[in-house]
Amino acid sequence: MSLKLESKAIKAAVSQLSFRTRAFINGRYVDSSSGKTYDSVNPATGKPLARIAACEAADVNLAVKAARKAFESGVWAKRPPAERKHVLLHFADLIEQNLDELALLDCLDAGKPVTDCLTMDLPDSVHCFRWHAEAIDKEYSQLAPTGPDHVAMIVREPLGVIGAILPWNFPFQMAAWKLGPILATGNSVVVKPASQTSLSVLRLAEIAAEAGIPDGVLNVVSGSGSVIGTALCKHPDVDAVAFTGSTEVGRQLLQYSAESNLKRIVLELGGKNPQVVFEDAGDIDYIAGQALSCAFWNMGENCSAGSRLIVHRKLKARLLARMIELSKEWVVGNPLDPATKVGPLIEESHMKKVLDYIATGKREGGDVVLGGNRTLLKTGGYFVEPTIFDRVKPAMTIAREEIFGPVLAMLTFNTEEEAIAMANDTSYGLAASIYTENLTRAHRVARAIRAGTVSVNCFSEGDSTTPFGGFKQSGFFGRDKSIFAHYQYCELKTIWMQLA
Ligand code: NAP
């Protein structure tokens, strides 16, 4: 990052931005075949930001054709691993060189605070590409333990053409989490970013070409999920779809696969994640800070948001009081302002959905002890105050459904068994945090919670070395990050050889 975290410098950099608004197919930008476009709206102002190509099934066909041709030619899939590694490392270097621009695109398009884009999303994405690139020439195949008359090799081969369907909450970072392992394992890909947030991924495609990723290997189609997402998922020549998004849409993708060619479907879905604070937890100031980050970071538009704070009855009052004091740090404002920690929600309809949940929480008996309202109306943006509900009961809607906004529900417990039961009382299983100074309890509870990532005494999604994905209805056959992500984009082949 070379951009100073200072309003004047950021404003100047924004005025220099230009947008890539067309689909990227077979190594070049193209209009949608129908010529149609749609508005991408800046959620901080409610005003249009750019007009983006509205692709349709015909464009998906072209992109899949280009991806298939590139795959079959072997120009990427059969390239020696060390060479693929060098190209991907160069790609990561170029992303880093363009980090400020990509961060600003995500900030404008998704309303994400600029400081987060510059210091978290983009650096993490660069690191992600480097990690997967470095892994390419360090993976070995296996020999099975046969007798002397046979040699049996177990090798991994790329799947072929993969569709990657992305959400809007981490536009660039989710692309990196998918593309890192998909490209590292030699596949070709057709990416569909969320229609609200296509700008950084459309720019990424150009950087990939500059880095030397061959034409057709990485294609981007922009437009609506119900049109091009569906076309990609039903396409008979797509071998797999990697999806991050809602559980509802994930469920449909499994149907599309069953109705088409039984393509592999890899799903990263929603969450209703618990943060559990035991009576023997450590520093309450620290925990209050972590609990707020876990609930309000990225406006709560985060699959791993800890939207249920499950606290031992003895600690509740003290923790809540400290959280309310510290909540002043969660400044709501223009996402381009480096001091802003809470930007707008992604779009008007989503804001209304979040406000409806707040109304339901009140109606069902929850006490709003912080926030609870839309704010900064004059901006035209979709801002909602960070909100805490006290006196929430496990059966209430706000304790059960993924709100995907800055809304935290506080529940209390008396015993460890009760806490574990509450934590697991959800159809989701993506992430959890637990706070305790007792090491034995930490191990015991971490094992007992049914979630893909359990953080002890912190809020974390791990790093590039650790798999990320969900139990239960938070995922299906999917893990982003780490070497485990490589395996899901490969087929396992046995080569059995007779020697005598
Ligand atoms: P979404 O509504 O499910 O959309 C995700 C993507 O699917 C978008 O690109 C969308 O396109 C596309 N889509 C919509 N309908 C489709 C269909 N019928 N066929 C194929 N594709 C379709 O989710 P979102 O609102 O963008 O993202 C929020 C959700 O993602 C939350 O539930 C969150 O928990 C989850 N998430 C999970 C993880 C994880 O790692 N587990 C990470 C981040 C987010 P359009 O929107 O352009 O129409």
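Numbers here are sequence positions counted from 1. All ligand and atom numbering here is 1-based and tracks the order in the structure.
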Atom 28 (C) of ligand 1: which protein heavy atom is closest, and how many Å away? F404 CE2, 3.4 Å
For N373 and T375, what are the C-alpha separation, side-chain angles and deciding distance, and is it a side-chain hydrogen bond (donor to acceptor under 3.5 Å, both in side chains)? CA-CA 6 Å; N373 300 300; T375 182; over 6 Å; no
Residue-level breakdown please: for L430 versus ligand 1, do any non-hydrogen atoms fall below 4.0 Å on the side chain, on the backbone, on both, or on neither? side chain
Does the residue G470 have a heavy-atom contact with ligand 1, meaning some pair of atoms that are separated by less than 4.0 Å? no
Pair E461-S304, side-chain donor/acceptor within less than 3.5 Å: yes
Given M323, which partner from the list I287, L292, L370 fulfils the side-chain contact (heavy atoms from CB on, under 4.5 Å) test? L292
Just to be sure I read this right, does ligand 1 sit under 4.0 Å from the backbone of L232, its side chain, both, or neither, counting only heavy atoms? neither
Residue and atom name of the nearest protein heavy atom (relative to atom 35 (C) of ligand 1), distance in Å to one decimal: G245 O, 3.2 Å
Within reach of ligand 1, part of I165 (heavy-atom separation under 4.0 Å): side chain
For ligand 1, note which part of V249 has a heavy atom under 4.0 Å away: side chain, backbone, both or neither. side chain
Looking only at heavy atoms of L253, does any of them come nearer than 4.0 Å to an atom of ligand 1? yes
Beyond-backbone contact of F468 with L430, side-chain heavy atoms, under 4.5 angstrom: yes
of all protein heavy atoms, closest to atom 37 (C) of ligand 1 is L269 O, 3.0 Å
Determine if the distance from atom 4 (O) of ligand 1 to the closest protein heavy atom is below 4.0 Å. no
Heavy atom of Q196 under 4.0 Å from ligand 1? yes
Is the shortest distance from a heavy atom of W177 to ligand 1 less than 4.0 Å? no
Regarding S40 and D109, do their side chains bring together a donor and an acceptor under 3.5 Å, going by distance alone? yes
Just distances here: any N/O of W168 and N/O of ligand 1 closer than 3.5 Å? yes
Side-chain touch K472/S427, heavy atoms, less than 4.5 angstrom: no
Tell me: protein heavy atom nearest atom 13 (N) of ligand 1, and distance? G225 CA, 3.5 Å
For ligand 1, which atoms, with element, lie under 4.0 Å from some heavy atom of N169? 43 (C), 44 (C)
Counting only heavy atoms, tell me which of S474, G229, A194 gets closest to atom 20 (C) of ligand 1. G229
In terms of relative ring orientation, are W297 and F170 parallel, tilted or perpendicular, with 30° and 60° separating the classes? tilted
In ligand 1, which numbered atoms sit nearer than 4.0 Å to a non-hydrogen atom of S224? 48 (O)
Check ion pair R130-E134 (N to O, under 4.0 angstrom): no
Indicate whether any N or O donor in one side chain lies under 3.5 Å from an N or O acceptor in the other, for S33 and D59. yes
Looking only at protein heavy atoms, what sits closest to atom 38 (C) of ligand 1 is C303 SG, 3.0 Å
Tell me whether ligand 1 is touched by F170 - counting only heavy atoms on the residue side and a distance under 4.0 Å. no
Give a yes or no on this: more than 12 heavy atoms of other residues, nucleotides or ligands lie within 6.0 Å of atom CZ of R51. yes
Residue, atom name and distance, where the atom is the protein heavy atom closest to atom 6 (C) of ligand 1: L166 O, 3.4 Å
Salt bridge between D239 and R264, side-chain N to carboxylate O under 4.0 Å? no
Taking non-hydrogen atoms only, is E402 closer than 4.0 angstrom to ligand 1 via side chain, backbone, both or neither? side chain
Between atom CG of L411 and atom CG of D390, what is the distance when rounded to the nearest 0.5 Å? 9.5 Å
Any side-chain donor near an acceptor of the partner, E364 and T397, under 3.5 Å: yes
among protein heavy atoms, the one nearest atom 23 (O) of ligand 1 is S246 N, 3.4 Å
Check ligand 1 against F468 and write out every atom of the ligand that is under 4.0 Å from a heavy-atom position of the residue. 40 (O)
Specify side chain, backbone, both or neither for Q252, according to which of its non-hydrogen atoms lie closer than 4.0 Å to ligand 1. side chain
What protein heavy atom sits nearest atom 18 (N) of ligand 1, and how far off is it? Y256 OH, 3.2 Å
At their closest point, which heavy atom of G478 faces which heavy atom of V266, and how far apart are they? CA-CG1, 3.5 Å
Could you check whether D116 pairs with K341 (Lys NZ or Arg NE/NH1/NH2 to Asp/Glu carboxylate O, under 4.0 Å)? no
Does the N or O separation between T244 and ligand 1 drop below 3.5 Å for any pair? no
G223 near ligand 1, heavy-atom distance under 4.0 Å? yes
For the residue pair I213 and L88, establish whether any side-chain heavy-atom pair is separated by less than 4.5 Å. yes
Are any of the N/O atoms in K192 less than 3.5 Å from those in ligand 1? yes
